[in-house]
Amino acid sequence: MDSTPTRPLQTASLEASSPFEMRVNLSAGVSESAIKQALQSGDIGFLHSFTTGSAVDGPGVRLVAWTSGCQFKCLYCHNPDTWLLSNGMPVPMARAVDELKKYRHGLQVMSGGLTVSGGEPLMQDRFVMRLFTAAKEMGVHTALDTNGFLGDRLSDDELDKIDLVLLDIKGWDPDRHRYVTGKDNAPTLAFARRLASRKRPVWVRFVLVPGLTDHPDDVAHIAAFCAEQGNVQRVDVLPFHQMGQYKWEKLGLDYALHDVEPPTNDLVEKVCGQFRAVGLVAH
Ligand code: SF4
């Protein structure tokens, strides 16, 4: 892996124009014990960045906090620089709350809110819940974008404080899911069932990669599962793209999808149709 920071720690900005900006080694000077303490307390978060103006990460216009650290290694990941916690910038809770305060009125006017995405936010569950608590105290809508693998880290009370979960379901067949992500899908599905049992609103996100995640039986099973839960308000079918390819190359990672084209409109419509066929709203 290239260990050269693309931006020195001192000048890295908390705000980025997009999560596609590559960021590495921004916590290189932070000791392991300080990281451990930060994870336990939530006093400090490790963030790729904040971005503003998103209209695709929850309702309305969103401020998005992009966390570092992910236990999955999705073959199609477009932000592999967020896999390592230490690539994120150490951000004290007070600074993150100040960032939110800057935008709170605009977010409320535009019927939006705060989304925490990643990476995998639940790698930093204490920081995320403290930031969400601050958001709720300001009257800001909260959304958690998660692969669900670490859903057990949140108590029922905490789940009830999150206005919306954007749940990434990456596959149905366990072997294919392990091939695509490196991990089992059972914890994700268990988290989905738990959210349903608590009647928490969920938007499911499904990344569509031709030849990798478009197996018709898999899609049909995911669709049936989502419909059964009764709390899935919509399904976002996210077409694969190659915008993150350069990050894999710069990080010295093996990228398996060089030759994969984005899905055609016909394939996107076909997959959306499978979700709609069981009564779900799909885009
Ligand atoms: S869960 Fe998200 S951040 Fe983690 S590897 Fe997969 S696509 Fe990347």
Side-chain angles (χ1 to χ4, degrees), residues 1 16 18-24 26-27 45-51 54 56-58 64-89 115-125 127-128 143-154 165-174 176-192 202-210 212-214 218 222 235-257 260 262-263:
M1 182 181 294
S18 98
F20 296 112
E21 216 175 272
M22 171 119 147
R23 294 185 164 193
V24 295
L26 296 180
S27 291
F46 298 87
L47 301 184
H48 173 282
S49 59
F50 277 96
T51 59
S54 167
V56 295
D57 296 297
V64 184
W66 303 94
T67 59
S68 295
C70 187
Q71 71 289 72
F72 281 21
K73 300 280 175 288
C74 300
L75 296 177
Y76 54 70
C77 183
H78 53 234
N79 288 317
D81 51 334
T82 65
W83 289 357
L84 285 181
L85 193 85
S86 58
N87 280 346
M89 186 185 317
T115 299
V116 182
S117 184
E120 170 47 52
L122 294 184
M123 298 279 285
Q124 305 184 52
D125 52 296
F127 178 84
V128 170
L144 171 70
D145 179 16
T146 177
N147 62 35
F149 192 81
L150 299 176
D152 281 353
R153 289 188 172 189
L154 301 184
V165 174
L166 308 174
L167 183 63
D168 302 304
I169 298 184
K170 295 165 185 294
W172 183 262
D173 177 83
R176 265 197 289 269
H177 187 276
R178 219 173 286 114
Y179 174 71
V180 170
T181 70
K183 294 285 183 186
D184 289 336
N185 59 358
T188 300
L189 301 179
F191 185 53
V202 167
W203 292 7
V204 164
R205 308 184 116 186
F206 175 71
V207 179
L208 178 59
V209 189
L212 192 68
T213 68
D214 61 345
D218 266 17
I222 294 170
V235 178
D236 288 330
V237 175
L238 307 175
F240 165 75
H241 56 70
Q242 293 282 12
M243 286 172 73
Q245 180 177 353
Y246 88 99
K247 290 188 174 183
W248 286 74
E249 286 162 6
K250 284 192 92 169
L251 292 166
L253 298 168
D254 285 334
Y255 185 59
L257 306 186
V260 177

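In each ligand, atom 1 is the first atom listed, and ligand 1 is the first ligand listed.
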Inset, instruction - Please state whether Lys170 comes within less than 4.0 angstrom of ligand 1, counting heavy atoms only. - result: yes

Legend entry - Sub-4.0 Å heavy-atom contact, Asn79 with ligand 1: no

Legend entry - For ligand 1, the portion of Cys74 having any non-hydrogen atom under 4.0 Å away: both

Inset, instruction - Examine Cys77 and say whether one of its N/O/S atoms is closer to atom 8 (Fe) of ligand 1 than 2.8 Å. - result: yes

With a 4.5 Å cut-off on side-chain heavy atoms, are [Y] and [X] touching?
X: Lys247; Y: His78; result: no
X: Leu47; Y: Trp66; result: no
X: Trp248; Y: Cys77; result: yes

Inset, instruction - Taking all non-hydrogen atoms of both residues into account, name the closest pair between Tyr255 and Phe240 and its distance. - result: OH-CZ, 3.5 Å

Legend entry - Nearest atoms (heavy-atom pairs only) where Arg23 meets Ser49: NH1-CB, 3.6 Å

Legend entry - Atoms of ligand 1, numbered as shown, that sit under 4.0 Å from any heavy atom of Asn147: 1 (S)

Legend entry - Closest protein heavy atom to atom 4 (Fe) of ligand 1, given as residue, atom name and distance to 0.1 Å: Cys70 SG, 2.3 Å

Inset, instruction - Do me a favour and list the nearest non-hydrogen protein atom to atom 3 (S) of ligand 1 with residue, atom name and distance? - result: Gly119 N, 3.5 Å

Legend entry - Lys/Arg N to Asp/Glu carboxylate O, Arg205 vs Asp57, below 4.0 Å: yes

